[in-house]
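The structure under discussion appears below in the form of structure tokens.
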Amino acid sequence: VEEVKLINNMSNELKSGSKKALAKTITLVESKLKKDKILVQKILENFKTKNNTIRIGITGVPGVGKSTFIESIGLFLIKNGLKVAVLAIDPSSKESGGSILGDKTRMEKLSVNKFAFIRPSPSDGHLGGVAKKTHESILCLEEAGFDVIFIETMGVGQAETAVHDMVDIFLVLLLPSGGDELQGIKKGIIELADLIIVNKADNELIKVAEITQREYKNALQITGKPRENHVLDVLMCSSLQSKGLKEIWDFIIKFIKKQKKNKNFY
């Protein structure tokens, strides 16, 4: 009886959007204890899945400015009346990896905004766990009424494929760089992209960013077989100056409408 009460309480608090209940539930999701796993299953069974949340995967090499980008676009979306959540995954960290726990401090404005929720997810160094736990964490966020969920990965390859299957649109961030090197990003990751964004297109980097954008557009025309009914685009953005965010968001909305129409939206 106690357990049933606890499950109902947690489910109700989650539904009401309580961040405390959300943090607690995600901690249970990440727990390795058998009793916690059983509890999570029971809580998840209570969920009514509404499928209006937009799940956005984001990757890019370290230093490309993923946190700044997520914070900029997150604040832009909150201004437009949406609730935003961020899950950050670090498959290489054995414990709750330092690099990512820093994300909360890097997204200073977003992490204190009452319409946002940021959660670093350690992944015990193996990916099977990530996929399952991330999927369950996403369900918790959807239940708590978040409109947009960003899932940020470290840009190393294995995590991207797992995340790609969980999101509605997958963004790859690039740095402005002259020359045609593929920026240490594995070709496979570019192939997963639904949209490529040249970030840090500000100040003296604008010209270089334009060249990078042009080079990628050309390269895609040569190599890119458009995925079913979708042409991959390359957009520019300055996270610091909040430029290009509206175009990116418009692209995302249009993309998802198209996916829904073609029944590719889960």
Side-chain angles (χ1 to χ4, degrees), residues 54-77 79-80 86 106-107 148 150-161 163-164 167-259 261-262 264:
I54 294 177
R55 306 170 175 188
I56 301 173
I58 292 192
T59 193
V61 293
V64 73
K66 292 186 289 284
S67 301
T68 322
F69 172 74
I70 292 171
E71 177 164 76
S72 295
I73 197 161
L75 294 169
F76 165 81
L77 295 175
K79 268 196 198 111
N80 285 289
V86 182
R106 284 214 295 272
M107 301 184 204
V148 180
F150 291 100
I151 295 113
E152 176 193 353
T153 70
M154 295 313 292
V156 284
Q158 336 95 290
E160 278 63 28
T161 327
V163 168
H164 183 265
V167 297
D168 304 312
I169 182 165
F170 195 77
L171 315 182
V172 174
L173 262 56
L174 298 178
L175 287 161
S177 70
D180 48 10
E181 79 280 12
L182 270 171
Q183 308 206 342
I185 279 205
K186 315 238 183 334
K187 190 168 175 292
I189 293 180
I190 296 288
E191 281 161 10
L192 292 175
D194 297 307
L195 173 62
I196 291 175
I197 297 166
V198 183
N199 193 25
K200 299 194 177 177
D202 32 51
N203 308 328
E204 66 279 8
L205 286 177
I206 285 183
K207 285 275 170 286
V208 188
E210 283 167 358
I211 295 167
T212 311
Q213 181 186 32
R214 207 167 45 241
E215 281 179 358
Y216 270 87
K217 279 192 163 175
N218 293 341
L220 289 170
Q221 279 170 348
I222 300 160
T223 60
K225 302 180 287 297
R227 218 157 319 163
E228 24 181 346
N229 316 312
H230 171 57
V231 182
L232 179 58
D233 204 355
V234 185
L235 297 176
M236 282 197 313
C237 139
S238 161
S239 301
L240 289 178
Q241 299 166 356
S242 303
K243 280 190 188 139
L245 299 176
K246 188 184 180 307
E247 290 75 1
I248 290 168
W249 183 243
D250 290 347
F251 179 95
I252 291 171
I253 293 298
K254 213 159 62 197
F255 175 83
I256 281 165
K257 274 194 179 136
K258 213 185 291 176
Q259 294 296 86
K261 213 174 95 188
N262 300 328
N264 294 337

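Every value quoted in this text rests on a predicted model; they were computed, and no experiment measured them.
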Problem set entry | Note, Leu171 side chain near Ile252 side chain (heavy atom, < 4.5 Å) | yes
Problem set entry | Pairwise distance CE(Met236) to OG1(Thr212) - rounded to 0.5 angstrom | 9.0 Å
Problem set entry | From NZ (Lys200) to CD1 (Ile206), nearest 0.5 Å | 14.5 Å
Problem set entry | Phe150 and Ile73, any side-chain heavy atoms less than 4.5 Å apart | yes
For this session: Taking the side chain as every heavy atom from C-beta outward, state whether Val148 and Trp249 have any pair of such atoms under 4.5 Å apart.
Result: yes
For this session: Verify side-chain contact (heavy atoms from CB on, under 4.5 Å) between Leu175 and Leu205, making sure each step is shown before the conclusion.
Result: CA-CA 9 Å; Leu175 287 161; Leu205 286 177; over 6 Å; no
For this session: Would you mind reporting whether Ile248 and Leu195 have side-chain heavy atoms less than 4.5 Å apart?
Result: yes
For this session: Could you tell me whether the side chain of Gln241 reaches within less than 4.5 Å of the side chain of Asn203, counting heavy atoms only?
Result: yes
For this session: Using distance alone, with no hydrogens and no angle criterion, decide if Thr153 and Thr59 have a side-chain donor and acceptor under 3.5 Å apart.
Result: yes
Problem set entry | Main-chain N/O of Gly60 paired to Lys66 side chain as donor or acceptor, under 3.5 Å | yes
For this session: Report yes or no: does Ser238 contribute a side-chain atom to a donor-acceptor pair with the main-chain N or O of Asp202 at less than 3.5 Å?
Result: no
Exercise. How close do Ala209 and Ala201 get, heavy atom to heavy atom, and via which atoms?
Worked result: CB-CB, 3.6 Å
Exercise. How would you list, by chain and number, every residue that makes a salt bridge (charged side-chain N to carboxylate O under 4.0 Å, His left out) with Lys246, sequence neighbours excluded?
Worked result: Asp250
Exercise. Gln213 and Val234: which non-hydrogen atoms are nearest, and at how many Å?
Worked result: NE2-O, 2.9 Å
Exercise. For the atom pair CG (Leu75) and CE (Met107), what is the distance rounded to the nearest 0.5 Å?
Worked result: 10.5 Å
Problem set entry | Pairwise side-chain contact, Val64 with Phe69, heavy-atom cut-off 4.5 Å (strictly under) | no
Exercise. Which pair of non-hydrogen atoms, one from Val163 and one from Gly57, has the smallest distance, and what is that distance?
Worked result: CG1-CA, 4.3 Å
For this session: With rounding to the nearest 0.5 Å, note down the distance linking CZ in Phe170 to CD1 in Ile58.
Result: 9.0 Å
For this session: Please examine the side chains of Glu152 and Ile70, heavy atoms only from C-beta on, and report whether any two atoms are closer than 4.5 Å.
Result: yes
For this session: Measure the CD-CG distance between Glu215 and Leu174 for me, rounded to the nearest 0.5 Å.
Result: 11.0 Å
Problem set entry | Taking every non-hydrogen atom, the tightest pair across Asp168 and Phe255 | O-CE2, 3.1 Å
Exercise. If you take all heavy atoms of Pro176 and Asn199, which pair is closest and at what distance?
Worked result: CD-O, 3.1 Å
Seminar exercise, completed: In short, Gly65 meets Leu173 closest at the heavy-atom pair O-CD2, 4.1 Å
Problem set entry | side-chain contact (heavy atoms from CB on, under 4.5 Å) between Asp233 and Phe251, worked out | CA-CA 9 Å; Asp233 204 355; Phe251 179 95; 3.6 Å; yes
